[in-house]
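Since the structure comes first, as structure tokens, the remarks are kept for the end.
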Amino acid sequence: MQAYKRITMSIQTVLEAKVKEAILSIFKAELPSVEFQPTRKDFDGDITVVVFPMLRIVKGNPVQIGEQLGAFLKDEVAAVTDFNVVKGFLNLVLSDTFYIDFFKTICDSPDYGLVAESAHNAVMVEYSSPNTNKPLHLGHIRNNLLGYSVAEILKAAGKKVYKTQIINDRGIHICKSMLAWQRYGNGETPKSTGLKGDKLVGNYYVKFNSVYNSEIEALVAEGIERKVAEKEAPSLVEAQKMLLKWEAGDKEIVALWKEMNGWVYEGFNVTYKNMGVDFDKLYYESDTYLLGKDFVADGLQKGIFYKKEDGSVWIDLTEDGLDEKIVLRSDGTAVYMTQDIGTAIQRVKDYPDINGMVYTVGNEQDYHFKVLFLILKKLGFPWAEQLHHLSYGMVDLPSGKMKSREGTVVDADDLMVDMTATAKQISEELGKLDDYADSEKEELYKTIGLGALKYYILKVDPKKRILFNPEESVDFQGNTGPFIQYTFARIQSVKRNASDHGLNWKNSTEVEDLHKKEKELIKQLLIFPDTIHLAAENYSPAVIANYVYDLVKSFNSFYQQVPIFVDAEEEKKVFRIQLANKVGEVIESSFKLLGIQVPQRM
RNA sequence: GGUGGCAUAGCUCAGCUGGAUAGAGCACCUGCCUUCUAAGCAGGCGGUCCUAGGUUCGAAUCCUAGUGCCAUCACCA
């Protein structure tokens, strides 16, 4: 692990020092810094020194300066074998030996690029956090995949990570489902109906809303104003009463609440398992919704908050460019913000080693989190500096926003089933797996189908919204999960074939020069560790997805143009298999960061 | 109205802290399976980087203004 770092770091550092030295000796001037970039494909070279910025220090023609610099570097730096100058760009050609030496340093470490965990750098990642009155849908899928993946990426960057969610298990929404079930359920249970628990409860939520809506229409027809009707419809009033009873601890209501939530959790667990996400710790809002009040009282005393005449408590954030925000109702009950303050503090108590938190929540709550983080800072918690809202765009359908109340959602379970079915159909058409057992096939279809779905969602920048068209199925060709999985499977096939050719590719090997495609691949491998850090800094799985796609494209090009088993001497064959193997390992590591599995065959 | 986000090829998206002729995939068109997996490879077609100014040797990228879409601004969560 140290070795590759030394090499990648060293070449730029060495070059930078040498460039400065050259400018000093040729032009008697001191350069503050040197700008490097990878050489573009259409030009000859590996690394490029940009001459333009030097013109501020050194007067002259950029091409001539480049020529002089190039000659100096070629003489002084062993790894530089040649150079050329185009306009103000000095392209340096690095020796094959440089790349071969680098490859040797990473060849035997299967976890290349991943940084070992350091315990005093823990972070908590919250994601999912569903309501318990309806099943998970496509929006939750994006949330779950993002949260899970970012957690994995942070781990790979050396952090200890706790994955968590806060389950929204109380409130008027669940009362609505409970009420509808009481009235129309006839004692139905997941067992009696064969439905997943979350689906069953979700159906009653929809039922509630249809009854509620017809009540509103009836009231409006009687001449009552719509806004009033919405508040006074009998079902809603009834649900609100139920919430009060729940808060008062009414035995019957609490028992029903427990039972129905239990159904939902069973259903959720099935969905999470299929999705491949997990959690280290669960928080329930019914436990935490009273937290935070003490801190409001505390803040009130410190003068961070103030009380209005009616008794409600507020914070004035106008000096920070935001508005006033309520933190406690006039009747003394908590609002969302109160809970979130309390929950954050609770988490740090539960896990004293964390010094940061990531909240995976849609961008419609940008404002809420801005305020929350600011309040925690003002309350003086040192860890408040390390909070991050992982904000992501909505997943919209061509018809607009998904609405559970109206049933216009893409259900998470259904979607995963569909993707698996598509994978099956394509696989059967290709007919490469006829010798597989049925159970192996089913497993594989799931890997591929979910791979397609996950990659499709994770490859786009989190902050951008996604338009999902259920009519046009997710692709399996081109920049897709299956394309990358296919390449992985192909590499495994190469390794299996190696033994047929009597090659022990694990032996060490010596090669002296590289094919253009081999060099390109090693270059790609070289930037994997940086890519992980970039992804971690930006909380962006898309960075990983795009990287691994580029790597795979390079590999396929290599694969089709450079024969591995034919026509080459033994040493070369072994080297190429080792190279393929390393690419396979990096694909697997990358996909693990995205929560996607890789198949041995497909 | 205030605030925040987004705007790149017909469609879906890359483009790192400003750098060379703006890149991929899908779709459409051409080639490549008697040799390692063709879910692949090689190539073609396709762009006023929303508009207008500005900063710079250099702007898709930074600044200002405008346009469009989305979100948000509740004693809802």
Side-chain angles (χ1 to χ4, degrees), chain A residues 35 37 39-43 48 50-53 55-56 62 86-89 91 131 168 170-173 285 289 308 310-314 321-323 325-331 333-337 339-340 362-368 370 391 393-394 396 401 423 426-427 429-430 432 448 452 456 459-461 463-467 469 472 475-487 489-498 500-501 527 530-531 534 537-538 542-543 545-546 549-550 552-553 556-567 573 576-577 580 601-602:
Chain A
E35 194 174 327
Q37 55 182 272
T39 304
R40 291 181 70 115
K41 279 215 174 92
D42 340 297
F43 299 93
T48 296
V50 189
V51 181
F52 292 112
L55 298 179
R56 275 168 231 217
V86 182
K87 296 183 189 171
F89 299 94
N91 302 320
N131 290 351
N168 223 328
R170 52 144 240 132
I172 191 76
H173 51 269
E285 203 185 286
Y289 82 108
K308 290 195 175 173
D310 62 6
S312 58
V313 181
W314 296 71
L322 303 171
D323 291 322
K325 189 84 187 173
I326 188 162
V327 293
L328 203 63
R329 288 196 190 98
S330 53
D331 63 6
T333 56
V335 291
Y336 188 33
M337 190 62 74
Q339 294 176 43
D340 269 3
N363 64 10
E364 53 199 353
Q365 294 196 37
D366 284 356
Y367 184 74
H368 172 79
K370 226 182 242 180
S391 163
M394 296 290 104
D396 291 330
K401 216 178 166 177
I426 294 174
S427 265
E429 279 166 20
L430 293 169
K432 294 180 186 175
I448 297 170
Y456 175 83
K459 78 172 174 188
V460 333
D461 187 321
K463 64 175 181 263
K464 293 196 174 175
R465 71 183 202 119
I466 292 182
L467 186 72
N469 189 345
E472 302 167 17
D475 272 327
F476 282 67
Q477 276 165 7
N479 187 359
T480 67
F483 166 67
I484 294 164
Q485 289 173 323
Y486 176 75
T487 306
R490 183 183 246 178
I491 289 169
Q492 306 318 305
S493 169
V494 167
K495 282 155 63 178
R496 285 191 295 266
N497 288 330
D500 296 345
H501 284 78
I527 59 173
D530 291 343
T531 304
L534 191 64
E537 273 168 33
N538 294 313
V543 170
N546 288 313
Y549 174 61
D550 284 338
V552 160
K553 265 201 312 181
N556 281 325
S557 181
F558 158 80
Y559 177 84
Q560 308 254 354
Q561 285 182 40
V562 184
I564 294 179
F565 296 114
V566 194
D567 235 19
K573 287 186 207 172
R576 283 173 186 162
I577 298 165
R601 275 179 58 180
M602 70 185 273

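Here the structure is a predicted model, which is why all the values come from computation and not from measurement. Chain identifiers are assigned alphabetically (A, B, ...) following the order of the sequence lines, protein sequences preceding nucleic acid strands; residue numbering begins at 1 within each chain.
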Residues forming a side chain to side chain contact (heavy atoms under 4.5 Å, CB included) with A/N168, sequence neighbours excluded: A/N131, A/H173, A/E285
note: A/D366, atom CG; B/rC6, atom P; distance rounded to Å ~ 10 Å
Can you check whether A/A489's main-chain N or O pairs, donor with acceptor, with A/S493's side chain at less than 3.5 Å? no
Between NE2 of A/H368 and P of B/rA71 the distance, given in whole Å, is 19 Å
For A/K463 and B/rG5, give me the distance from atom NZ to atom P, rounded to whole Å. 9 Å
Distance in angstrom units between A/Q365 CD and B/rC76 C1', rounded: 11 Å
Atom CG of A/L322 and atom C1' of B/rU3: how far apart are they, to the nearest Å? 8 Å
Quick one about A/R490 and A/N556 (side-chain donor to acceptor, distance below 3.5 Å, no hydrogens or angles considered), yes or no? yes
Answer syn or anti for B/rC6, where the cut-off is 90° from 0 on the glycosidic torsion. anti
So do the side chains of A/V552 and A/Y486 get within less than 4.5 Å of each other, counting heavy atoms only? no
Would a line drawn from the ring center of A/F89 to the ring center of A/F52 be shorter than 6.0 Å? yes
Separation of A/K573 atom NZ from B/rU35 atom C1', in whole Å? 13 Å
Side-chain contact, heavy-atom cut-off 4.5 Å: A/M602 with A/Q485? yes
What string of B, S and - do you get for nucleotides 11-20 of chain B, 5' to 3', if B is base contact, S is sugar-phosphate-only contact and - is no contact with any protein heavy atom under 4.0 Å? --SS----BB
In terms of ring plane angle, is the pair A/F565 and A/H501 parallel, tilted or perpendicular, where the classes change at 30° and 60°? parallel
Treating primed atoms plus P, OP1 and OP2 as sugar-phosphate and everything else as base, which nucleotides of nucleotides 36-43 of chain B get B, S or - for protein heavy atoms under 4.0 Å? BBSBBSS-
Could you give the CG-to-C1' distance, from A/D475 to B/rG25, as a whole number of Å? 8 Å
Non-neighbouring partners of A/D475 that pass salt bridge (Lys or Arg N to Asp or Glu O under 4.0 Å), sequence neighbours left out: none
Pairing string, 5' to 3', for RNA chain B - Watson-Crick or wobble contacts under 3.5 Å, brackets [ ] where pairs cross, | to another strand: (((((((..((((.....[...)))).(((((.......))))).....(((((..]....))))))))))))....
What's the gap between B/rC63 and B/rC6 when it is taken at their P atoms, as a whole Å value? 11 Å
Roughly, in whole Å, what's the span from NZ in A/K370 to P in B/rU3? 11 Å
Across all chains, not counting sequence neighbours, the side chain to side chain contact (heavy atoms under 4.5 Å, CB included) partners of A/S427 are A/L433, A/Y445, A/I448
With a distance cut-off below 6.0 Å to the six-membered ring centre and an angular limit of 45° from the axis, does A/K308 pair with A/W314 as a cation-pi contact? yes
If you look at every strand shown and take non-hydrogen atoms under 4.0 Å, does A/N168 touch a base, only sugar-phosphate, or nothing? sugar-phosphate
Between A/V335 and A/L328, does the side-chain contact (heavy atoms from CB on, under 4.5 Å) criterion hold? Intermediate values first, please. CA-CA 6 Å; A/V335 291; A/L328 203 63; over 6 Å; no
